[in-house]
Amino acid sequence: MMAPPVCILYTQDPDLVRRVKAFVRSIAEARHVQDPSRLEVVLQQSGTALLMLDLRAREGRDLLDKVQKDWPDVLTIALGTVRSEPLRDAEQAGIYAAEDLQLDRRRFQALVLRAFDHLRVLEENRDLREESALLPAAEPVRRVESAPDQHHSPSLPLMRFPRVFRRFENVDALLASIVESVADAAGVTRLGIFSKMRQGDRYRLRAGMRCLPETSEVEFTERDPLVRWFELHAHLISRANLAQTPDRSQRSILRRALDNFGAEVIVPLYARGRIIGWLFFGHRVTGARFDNRDLEGLMILAEHVSTVLENALLSEEVSVQKTLAETLLKSIPPGIIATDEEGIVRWFNPMAEQILGLSADKVLNRGVEALGPTLAGFLRETLDTKASSPPRQWIDQATQRSLSVEARRLIDDQTQLGAVAVIQDLTAEESVREKQDLLDRAAFWTDLAASMSHEIRNPLVAIKTFAQLLPERFDDAEFRKDFNEIVVKEVDRLDNIITQINNFAHPPDLELRSIDLKAPVKKAIEIARSRFKAGGSGGLTVETSLPNDLPKVMGDETALAEAFAHLVSNAAESLSEQDKPRITLSAKSIREGDHASGVVVTIRDNGKGIAPELKEKVFSPFCTTKARGMGLGLPIVKRTVFDHNGRVDIDSSSRGTLVRVLLPVSSNGQ
């Protein structure tokens, strides 16, 4: 009975894989290969096959040439773009067919059926040639197959091979135990195990007995001819039977491997359908040669070793992952508490013990109520609800610590496993914050007192001077006029100082609504012009660029207008000594993918910039270089932008200053 031909698809295009498998499902099962290094192996395993090769895939054109050269029995259908150079080259190379990637179902199925018929003819011709070549040797083969000792049991003392290996600390200890046990069971003078421990490793000598010194230096990759020979043939190599290998190149590979190891027999080890290594055996201690029954025994030994080695590798991998996870959970600063779906505490790391003041022995394998009412209620709520709860803070009554906890459900493939709580101890952080607040508050009042004493002293001196002169010059009408004007002006100045401080200390409540940002920006320019005569006789220009399609933001129009007015005013003041003063104000939307996420407003001037020693202090209260002023403008701007969930940045140099204000869009501002 002839085996059906194999259909192999080489591509990295998942859509093409889906379409091809759908088209040939009723004809054959398509094998998908996406790694170029695996294509040759799959062709070796498949023998006579139909190869569909995507010319767009990695190394596609090189693989096409290699397949034609090394695999003449493989029929190739190249898939590419119509009238493209790669597809034209493939057609001229003499392959079976070249097809458009936009496959037509009926045409493609008919092409595959014709290719399979062609493959069957090629396979029949090859079988006829092999039978003709082997015909003189047919009679001796029948006599060997009918030999009565073929059914005898293996001669190796397999009962000496232990069914269960003794306890081992790691895989290396296990392999040493395997070598000792297998050598004793097989009765050989030399034995070694080649293996790779995990995916991506090389095959190396892991354990051995009386091995040649050079053996430990030999390494094999997954693409090595010996490994591929094992993948293809899946049987042992015996020096006594080496002459029965008909292919000269293969016979050379096998002989070289036996010579490298100083071995008489090499037996492959398989796990989960892949080769994980091999055992090699030297001469028997008796000097006798291995017969067929001995080789059967070695194969049985190899099956035992494969099972034990596979289980050991899996156990070590699980152990490594478990150790890493446990070490991580024990080492990280937060406290970690994990429960099962019934609310039973299953994990309680050392930091949780320290933070909560509870011993793990008193809470592990008990209900969450052992953690205290606050934490227990939070975890129960997390287990009972599907929505994520926000972090919570509270003062633990037992330890008087300020704690923050965030809990999440543990879900694997829609199956609830339990919940985990991450606990942060905020006590030290809040203590530092409180101390910093005290220092900032003390510095604030110190700066306030110094600034107020400077700002208030000047008008008071003027008022006091005129008040002292008033009795002597009361009859002087001009003096009385100056007295009235100056005193009123200085009192207004004092009132303005008190108003600034009051506004800074007690900002008005914001009324946030969805607004067009162009309105407060334009209003800010008018406020700045009224204060500093921007655009008047001084020749100051304010250029604006405000697109009509700006998304709306959530904001208080009055507060934003005042904040932008402060920025425009500061820009105007920095241009007092410029020959060609200029302020540019622009706005644009910020996008994330297809949606607008914010609006950035930029105010740029060509002034002298901010002094380097003041760059880090510009947002601090009472930081000013003006002869008059409290230095509260930029702090008010920063607080206003912060209250709108935005950000303000300043970039300044000797060529001018640039201020960016970023505000998020409203939920309906797209």
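Proximity of a side-chain donor or acceptor of D556 to a complementary backbone N or O of E511 within less than 3.5 Å is detected. Here the side chain of T427 pairs a donor or acceptor atom with the backbone of S402 at under 3.5 angstrom. A donor-acceptor contact shorter than 3.5 Å is absent between the side chain of H644 and the backbone of M554. Without hydrogens or angle criteria, E406 side chain to P391 main chain gives no donor-acceptor distance under 3.5 Å. In terms of modelled atom types and a separation under 3.5 Å, the side chain of R582 and the main chain of E543 share no donor-acceptor contact. With hydrogens and angles disregarded, a donor-acceptor distance shorter than 3.5 Å links the side chain of Q12 to the backbone of Q34. Judged purely by atom type and a 3.5 angstrom limit, N349 uses its side chain to pair as donor or acceptor with the backbone of P334.
In this structure the side chain of E557 reaches within 4.5 angstrom of the side chain of R513, judged on heavy atoms. The side-chain heavy atoms of L101 and R56, taken from C-beta on, include a pair separated by under 4.5 Å. Between L426 and Q393 there is a side-chain heavy-atom pair separated by less than 4.5 Å. Proximity of I336 to V422: side-chain heavy atoms (C-beta onward) are separated by under 4.5 Å at one or more points. L567 is listed as a side-chain neighbour of V661, based on a closest heavy-atom distance under 4.5 Å. Between V665 and I590 the shortest side-chain heavy-atom distance does not fall below 4.5 Å. Side-chain contact check for F564 versus L585: every heavy-atom pair is 4.5 Å or farther apart.
The environment of CZ in R480 is crowded: more than 12 heavy-atom neighbours from other residues, nucleotides or ligands sit within 6.0 Å. Surrounding CZ of R647 are at most 12 heavy atoms belonging to other residues, nucleotides or ligands under 6.0 Å away. For K608, the NZ atom sits in a loose shell: 12 or fewer heavy atoms of surrounding residues, nucleotides or ligands are nearer than 6.0 Å. Applying the 6.0 Å contact sphere to CZ of R604 captures no more than 12 heavy atoms from other residues, nucleotides or ligands. The number of heavy-atom neighbours closer than 6.0 Å to CD of Q468, taken from other residues, nucleotides and ligands shown, is above 12. Other residues, nucleotides and ligands contribute more than 12 heavy atoms inside 6.0 Å of the CZ atom of R408.
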Practice problem: Go through the steps to decide whether L663 and L560 satisfy the test side chain to side chain contact (heavy atoms under 4.5 Å, CB included), and finish with yes or no. | Solution: CA-CA 10 Å; L663 297 171; L560 288 175; 4.1 Å; yes
Quiz item: salt bridge (Lys or Arg N to Asp or Glu O under 4.0 Å) between E526 and R529: does it pass, once the steps are laid out?
Solution: CA-CA 5 Å; E526 296 303 322; R529 280 176 174 160; 3.6 Å; yes
Practice problem: Determine, stepwise, if the pair F378 / L371 fulfils side chain to side chain contact (heavy atoms under 4.5 Å, CB included). | Solution: CA-CA 11 Å; F378 193 28; L371 301 171; over 6 Å; no
Quiz item: Should T11 and H32 be marked as a side chain to side chain contact (heavy atoms under 4.5 Å, CB included) after you check the CA-CA gap, both sets of side-chain angles, and the distance that decides it?
Solution: CA-CA 8 Å; T11 183; H32 174 218; 3.9 Å; yes
Exercise. Please report the C-alpha distance between L375 and V368 in whole Å, then the side-chain angles of each, then the deciding distance to 0.1 Å, and finally whether the side chain to side chain contact (heavy atoms under 4.5 Å, CB included) criterion is met.
Key: CA-CA 8 Å; L375 194 53; V368 293; over 6 Å; no
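With values rounded to the nearest 0.5 angstrom, D384 atom CG is found 10.5 Å from L379 atom CG. We find the CD-CD1 distance between Q424 and I355 to be 7.0 Å, quoted to the nearest 0.5 Å. Between the CG atom in L517 and the CG atom in L546 there is a gap of 8.0 Å [rounded to 0.5 Å]. A distance of 8.5 Å separates CD1 of I411 from CG of L417, quoted to the nearest 0.5 Å.
Contact check on K489 versus D492 returns no salt bridge, with no Lys/Arg side-chain nitrogen under 4.0 Å from an Asp/Glu carboxylate oxygen.
Looking at R346 and N365, their side chains do bring a donor and an acceptor atom within 3.5 Å of each other. Side-chain contact, S37 with D35: a donor N or O sits under 3.5 Å from an acceptor N or O. One side chain, T657 or S652, offers a donor N or O that lies under 3.5 Å from an acceptor on the other.
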